[in-house]
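Some notes on the structure that comes next.
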Number of protein chains: 2
Amino acid sequence: MVRKPTSKETARKPNMREAILAAAEELFATNGFNAVSVRDIAHAAGANPGSVTYHFKTKDGLLLEIYRRHCGPMNLRRSELLAAAKRVRDLQDRLEAVVRAYVVPAFTSGSDLAGGGARFTRLRAVMSAEGNEVARKIIAQTFDDTSHAFIDAIHESLPHIPRTDIVWRSHFLLGALYYSLVTPDRVSRLSRGEADGGDAANAIEQLVQATVAAFQAPALDQAAPARRRTPASSKT
Amino acid sequence: MVRKPTSKETARKPNMREAILAAAEELFATNGFNAVSVRDIAHAAGANPGSVTYHFKTKDGLLLEIYRRHCGPMNLRRSELLAAAKRVRDLQDRLEAVVRAYVVPAFTSGSDLAGGGARFTRLRAVMSAEGNEVARKIIAQTFDDTSHAFIDAIHESLPHIPRTDIVWRSHFLLGALYYSLVTPDRVSRLSRGEADGGDAANAIEQLVQATVAAFQAPALDQAAPARRRTPASSKT
DNA sequence: TGATCTTTTGTACGATAGTACAAATCACAT
DNA sequence: ATGTGATTTGTACTATCGTACAAAAGATCA
């Protein structure tokens with residue numbers, strides 16, 4: 001059912017608001033928040049600087065809106081995939097499915113809003129590195145529930161591993177995921193061109209494979225004890 | 001042998017130059033490069049803004065000097081530990097030793113210059129996320145050799161795994177390492193206080209344990225084939 | 001002590017930042 | 001066609017940025 005847009009939705013150019021959001025997302029994700037000026041964003045979107053103020057009030061408001069746009073759909077997709085993964089009977093297969101449910105939406109699109117969740121995930125990585133306050137707050141209150149759900153699901157597949165270890169390993173997973181999106185060129189460089197760090201499908205497979213194995217590692221308490229001394233333990 | 005310092009080394013306050021470097025390192029590592037002003041650094045160091053210009057000429061020059069201070073000692077320490085690790089006979093033990101040789105200097109000190117390599121490693125993580133040009137150049141030309149040496153050493157312990165997979169997994173390792181230093185509080189939060197993300201010794205053990213298992217995962221080619229379709233393969 | 005060199009201070013300059021706001025422009029209902 | 005409200009433009013304000021530079025202060029040695 002197609003309806004005529006009311007005056008409340010119209011705009012001179014086709015959705016300038018969206019163009020600004022997309023440009024900001026791209027620029028923030030590649031250069032960080034502080035390195036990008038409102039003027040840069042406006043220019044990249046083919047808009048006037050004042051237009052950014054009109055739609056989003058402040059630069060922080062613009063960042064906030066980017067998060068609002070993506071967090072919901074991405075968490076929804078993760079929930080769906082997680083629910084499906086939990087129905088897998090074989091424990092080994094289930095673990096892989098759960099990890100995949102966590103990873104896939106981060107690379108492909110949580111939503112197809114403005115083309116690809118990878119860009120948004122990279123944005124999150126950069127904001128987290130910069131210690132951005134706006135991002136820190138919204139991330140903690142939006143993703144912690146999801147993270148706990150995944151940690152619980154993984155713990156169910158690996159009941160003999162302490163929850164603490166699961167938390168650490170899922171933290172490593174997120175770090176690896178972030179870094180893959182931040183500097184994919186490093187993979188290409190170090191592999192001397194044999195691998196393409198920017199190939200999302202391949203990155204996902206590599207990440208899932210490596211991560212599943214990491215989760216399946218023996219628990220720390222029973223693995224570390226007598227094999228080798230803790231190297232930094234001299235100060236403990 | 002204690003000698004009187006010549007005029008070339010003296011300063012009014014005890015090493016103001018070092019104080020500026022330390023302050024800059026701390027501020028850059030926690031807030032990013034662009035969010036920190038030269039005035040912020042000077043204030044934190046108890047110095048005058050002009051003093052920064054005097055010692056380091058530009059803000060980029062200051063960042064460059066931080067890198068120069070740390071890269072050498074850290075790579076040296078890694079080389080030493082790697083050489084020792086390569087002498088371990090048992091392949092499984094050797095793999096762990098090699099991973100440890102890569103991880104430990106990043107947490108503890110490559111040098112004890114201004115207290116701890118963790119801060120410098122965190123700085124590198126943040127700069128890499130921000131896509132800082134100065135950092136990107138010096139990192140590529142300083143650490144790529146080291147990275148190749150580690151990748152080769154790991155490959156020797158796991159000859160049946162394709163080099164490409166080793167590259168990916170070592171990339172994940174670096175990402176996990178970076179992220180552990182960037183947001184250690186997240187580990188504490190998600191573990192509901194049961195783990196301390198800031199405890200370097202514990203982080204190292206968790207990271208080494210998980211990473212060794214990840215490296216030992218079956219090669220991707222022989223593990224992925226018929227189990228599940230590539231999720232994002234529709235566009236390939 | 002006075003000359004000389006190094007370091008620190010204080011201040012200033014041009015550029016650019018985020019944001020505010022009035023005027024211009026557009027889309028649409030009447 | 002015209003009035004009305006939503007959007008875009010252009011411009012300006014203040015703050016702060018990186019950096020330059022002259023003057024002050026300290027250290028060193030004749």
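In what follows, chains are A, B, ... by sequence order, proteins preceding strands, each numbered from 1. Remember, it's a predicted structure, so these values are computed and weren't measured experimentally.
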Cation-pi check, Arg119(B) onto Phe28(B) ring (under 6.0 Å, within 45° of axis): no
Closest to side chain of Val38(A), choosing from dT9(C), dG18(C), dT19(D): dG18(C)
Residues Asp144(A) and Arg186(B) bridged, charged N to O under 4.0 Å: no
Nearest-Å distance for atom pair CG/C1', residues Asn15(A) and dT8(D): 14 Å
Distance, rounded to the nearest Å, where Lys57(A) contributes NZ and dC21(C) contributes P: 8 Å
Separation of atom CD1 in Ile41(A) from atom P in dT19(C), rounded to whole Å: 10 Å
Below 4.0 Å: OP1/OP2 of dA17(C) and any side-chain N or O of Ser37(A): yes
Ionic contact status for Glu18(A) with Arg69(A), cut-off 4.0 Å: yes
Residue closer to the 5' end of DNA chain D, Arg39(A) versus Gly50(A) (nearest nucleotide): Gly50(A)
Spacing between Phe56(B) atom CZ and dT6(C) atom P, to the nearest angstrom: 17 Å
Of Ala35(A) and Asn48(A), the one whose closest DNA chain C nucleotide lies more 5': Ala35(A)
Side-chain N or O of Tyr54(B) closer than 4.0 Å to phosphate OP1/OP2 of dT7(C): yes
Interatomic distance where NE2 belongs to His55(A) and P belongs to dA6(D) [whole Å]: 13 Å
Separation of dG18(D) P from Asn34(A) CG (nearest whole Å): 11 Å
Test applied, ring pair (Phe, Tyr, Trp, His ring centres under 6.0 Å); reference residue, Phe120(B); option that passes from Tyr67(B), Phe107(B), Tyr178(B): Tyr67(B)
Touch class at under 4.0 angstrom, heavy-atom based, for Arg17(B) against every strand present: nothing
Atom-pair distance (CE on Met16(B); C1' on dG26(D)), nearest Å: 13 Å
Whole-Å gap separating P (dT19(D)) and CG (Leu63(B)): 12 Å
Short N-O contact, Glu26(A) and Arg122(A), less than 4.0 angstrom: no
